[in-house]
Amino acid sequence: MKIDFQKFETERAEIEAFLAQPEAYADPDFAEKSRRLAEINEILDLVKQIEQAKRNLEEATELINDPELGEMAQEDVRTLGLKIDSLNAELEEKLLPRDPADDKPAIMEIRAGAGGDEASLFAGELYRMYVRYAERHGLKVELMSQNENEAGGMKEVVIRVSGEKPYGQLKFEGGVHRVQRVPVTESQGRIHTSTATVAVLPEAAESDLEIKPEDLRIDIYRSGGHGGQGVNTTDSAVRITHLPTGIMVAMQDERSQQQNRVKAMAVLRSRLMEKKKQEEMAAASDARKSLIGSGDRSEKIRTYNFPQDRITDHRVHYSRSNVGAAMDGDIDDLVRELTQAERADAEAAV
């Protein structure tokens, strides 16, 4: 692939000039420009390393026939060849089109599907799986909303995950997760199949989407369920309905009505952005369908088979054992397989 790296040099100079301005930190684009500068610096540093390695390779090649230095030069040629291949692969990866949403916080909505109490228990286990995964990777999890049932599972739970590339790490988890096992309530030892749905949305900033106040209906009511005396005895719960689309978000876990309103707006904004994205994809009839699917809740993506101790991701036809470790957050291999599939899809499109 032929790349004009002078364009990166020019872009770097422009960004550095912008960041050098005293008022730059107050600009809405400051964070994005800083991130882009770091990205360009990584690319140009790799180019510099490759050029130096090639010069070293030429020098080593010239010495191969030297009676005293030939043997050492031969080893240098081999080592430098491997280094150049590795650096080129890294550079190609960085030059691939990237999803600008990867760096955004992720809003994850996990809901019990078919299977009654067993489905809600499984939804709760998926929630804990993602919390443990986040802990392993230094990501921060904020509980936005939860609705437990009497069996100890989750009818619904919404979390916000922030840190380094949270959406980029978790975006492939959207879809239907299926569990096959003998429920604790099953007296005959029969294997049941239950499901839970997961939606993963990049958090939308206020600047990403304009929401007109007149398009919203906001209802205030008294919280119910868990949360403590303060939550349950004040009119702090908030339900926001976006009238043009009918999308509704309710929050009640915080004591403050304002806190619940802020959380509800964050989820609503992200759902509206996702709806807009899906409509744009549907309108582009000639667009290729992604190898890893759309992440739609109707799409079965993964099966957790406890009796056979096997997890299968149906999008990339990948299976592994040790379901218990996965439920404790050890899903790095699944994330890696899906990321590689996306990368291969991107390379094919270039």
Side-chain angles (χ1 to χ4, degrees), residues 99 101-102 106-137 139 141 153-159 161 165-184 186 190-202 274 278 281 289-346:
D99 186 343
D102 281 356
I107 303 290
M108 298 191 74
E109 304 178 5
I110 306 163
R111 292 182 175 83
D117 286 346
E118 170 67 0
S120 69
L121 290 170
F122 180 51
E125 289 175 63
L126 287 178
Y127 160 60
R128 287 183 286 276
M129 179 179 83
Y130 294 127
V131 169
R132 291 289 293 119
Y133 174 82
E135 290 172 351
R136 288 167 179 257
H137 292 271
L139 302 174
V141 176
M154 296 280 190
K155 292 181 182 177
E156 176 189 60
V157 58
V158 182
I159 59 176
V161 185
K165 290 185 171 58
Y167 180 69
Q169 293 188 58
L170 294 165
K171 61 185 177 182
F172 304 123
E173 295 303 303
V176 175
H177 294 244
R178 182 175 67 172
V179 62
Q180 294 175 322
R181 63 183 175 189
V182 179
V184 291
E186 171 58 57
R190 292 173 297 186
I191 295 173
H192 288 224
T193 298
S194 304
T195 63
T197 62
V198 177
V200 188
L201 314 174
E274 181 67 13
Q278 294 295 335
M281 288 173 64
K289 193 168 184 180
S290 171
L291 173 67
I292 55 167
S294 64
D296 188 86
R297 290 182 190 169
S298 63
E299 180 183 11
K300 182 185 71 179
I301 63 164
R302 192 177 298 154
T303 297
Y304 305 73
N305 189 314
F306 278 76
Q308 296 180 13
D309 190 30
R310 185 180 69 246
I311 298 176
T312 301
D313 195 289
H314 306 290
R315 295 162 295 179
V316 288
H317 310 292
Y318 173 76
S319 293
R320 58 161 272 198
S321 58
N322 205 341
V323 178
M327 303 313 290
D328 193 42
D330 181 13
I331 56 171
D332 291 59
D333 57 324
L334 292 161
V335 172
R336 183 175 60 251
E337 289 290 327
L338 291 158
T339 301
Q340 288 174 352
E342 182 194 47
R343 190 173 300 143
D345 211 23

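Because the structure is a prediction, the values reported are computed rather than measured. Residues: numbered from 1 along the sequence shown.
- Taking all atoms of both residues into account, the shortest heavy-atom contact from M154 to A112 is O-CB, 3.7 Å.
- Within the structure, every pair that satisfies the salt bridge (Lys or Arg N to Asp or Glu O under 4.0 Å) test and touches residues 321-331, not counting sequence neighbours, is listed here: R132-D328, R136-D328.
- Taking CD of Q308 as the start and OG of S319 as the end, the distance is 10.0 Å to the nearest 0.5 Å.
- Contact of the H192 side chain with the P183 side chain is registered, since non-hydrogen atoms from C-beta on lie closer than 4.5 Å.
- Ion pairing between R181 and E125 holds under the 4.0 Å rule for side-chain N and carboxylate O.
- Proximity of N305 to V323: side-chain heavy atoms (C-beta onward) are nowhere separated by under 4.5 Å.
- In this structure, CG on L126 lies 5.0 Å from CE on M327, to the nearest 0.5 angstrom.
- Between D102 and K165, no side-chain nitrogen of the basic residue sits less than 4.0 Å from a carboxylate oxygen of the acidic one, so the salt-bridge criterion is not met.
- R178 and T195 share no side-chain donor-acceptor pair at under 3.5 Å.
- Closest approach of A114 and A119 over heavy atoms only: O-CB, 3.4 Å.
- Expressed to the nearest 0.5 Å, how far CG of L201 lies from CD of E274 amounts to 5.0 Å.
- Contact check for V158 versus I107: side-chain heavy atoms found under the 4.5 Å cut-off.
- In the model, Y133 has a side-chain atom that pairs as donor or acceptor with a side-chain atom of Q169 under 3.5 Å.
- Residues V198 and H177 have side chains in contact (heavy-atom distance under 4.5 Å, counting atoms from C-beta outward).
- For the atom pair CZ of R320 and CG of L334, the computed distance is 6.0 Å after rounding to the nearest 0.5 Å.
- Between F122 and Y304, the ring-plane angle classifies as perpendicular under the 30° and 60° cut-offs.
- At distances below 3.5 Å, at least one donor-acceptor pair connects side-chain atoms of D309 with backbone N or O atoms of N322.
- For the residue pair A101 and P202, the shortest heavy atom distance occurs at CB-CB, 3.8 Å.
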For V161 and Y130: C-alpha separation, side-chain torsions, deciding distance, then whether side chain to side chain contact (heavy atoms under 4.5 Å, CB included) applies.
CA-CA 9 Å; V161 185; Y130 294 127; over 6 Å; no
Begin from the C-alpha positions of D313 and E337 and carry the test side chain to side chain contact (heavy atoms under 4.5 Å, CB included) through to its verdict.
CA-CA 9 Å; D313 195 289; E337 289 290 327; over 6 Å; no
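- Within the 4.5 Å cutoff, the side chain of D332 has heavy atoms near those of the H137 side chain.
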Assess the residue pair E118 and R190 against the criterion (salt bridge (charged side-chain N to carboxylate O under 4.0 Å, His left out)); give the C-alpha distance rounded to whole Å, side-chain angles, the decisive distance to 0.1 Å, and a yes or no.
CA-CA 13 Å; E118 170 67 0; R190 292 173 297 186; over 6 Å; no
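- In summary, the side chains of D333 and Y318 do present a donor paired with an acceptor at a separation below 3.5 Å, with no hydrogens or angles considered.
- Taking both residues in full, the closest heavy atoms of I110 and Y127 are given as CD1-CA, 3.7 Å, listed atom of the first, atom of the second, then distance.
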Applying side chain to side chain contact (heavy atoms under 4.5 Å, CB included) to K300 and H314, what does each step give before you reach the verdict?
CA-CA 8 Å; K300 182 185 71 179; H314 306 290; 3.9 Å; yes
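- Nearest heavy atoms, V200 versus G174: CG2-N, 3.8 Å.
- In terms of heavy-atom proximity, I311 sits nearest to A326 at CD1-CB, 3.2 Å.
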Hey, mind stepping through K171 and E173 against salt bridge (charged side-chain N to carboxylate O under 4.0 Å, His left out) and telling me if it holds?
CA-CA 5 Å; K171 61 185 177 182; E173 295 303 303; over 6 Å; no
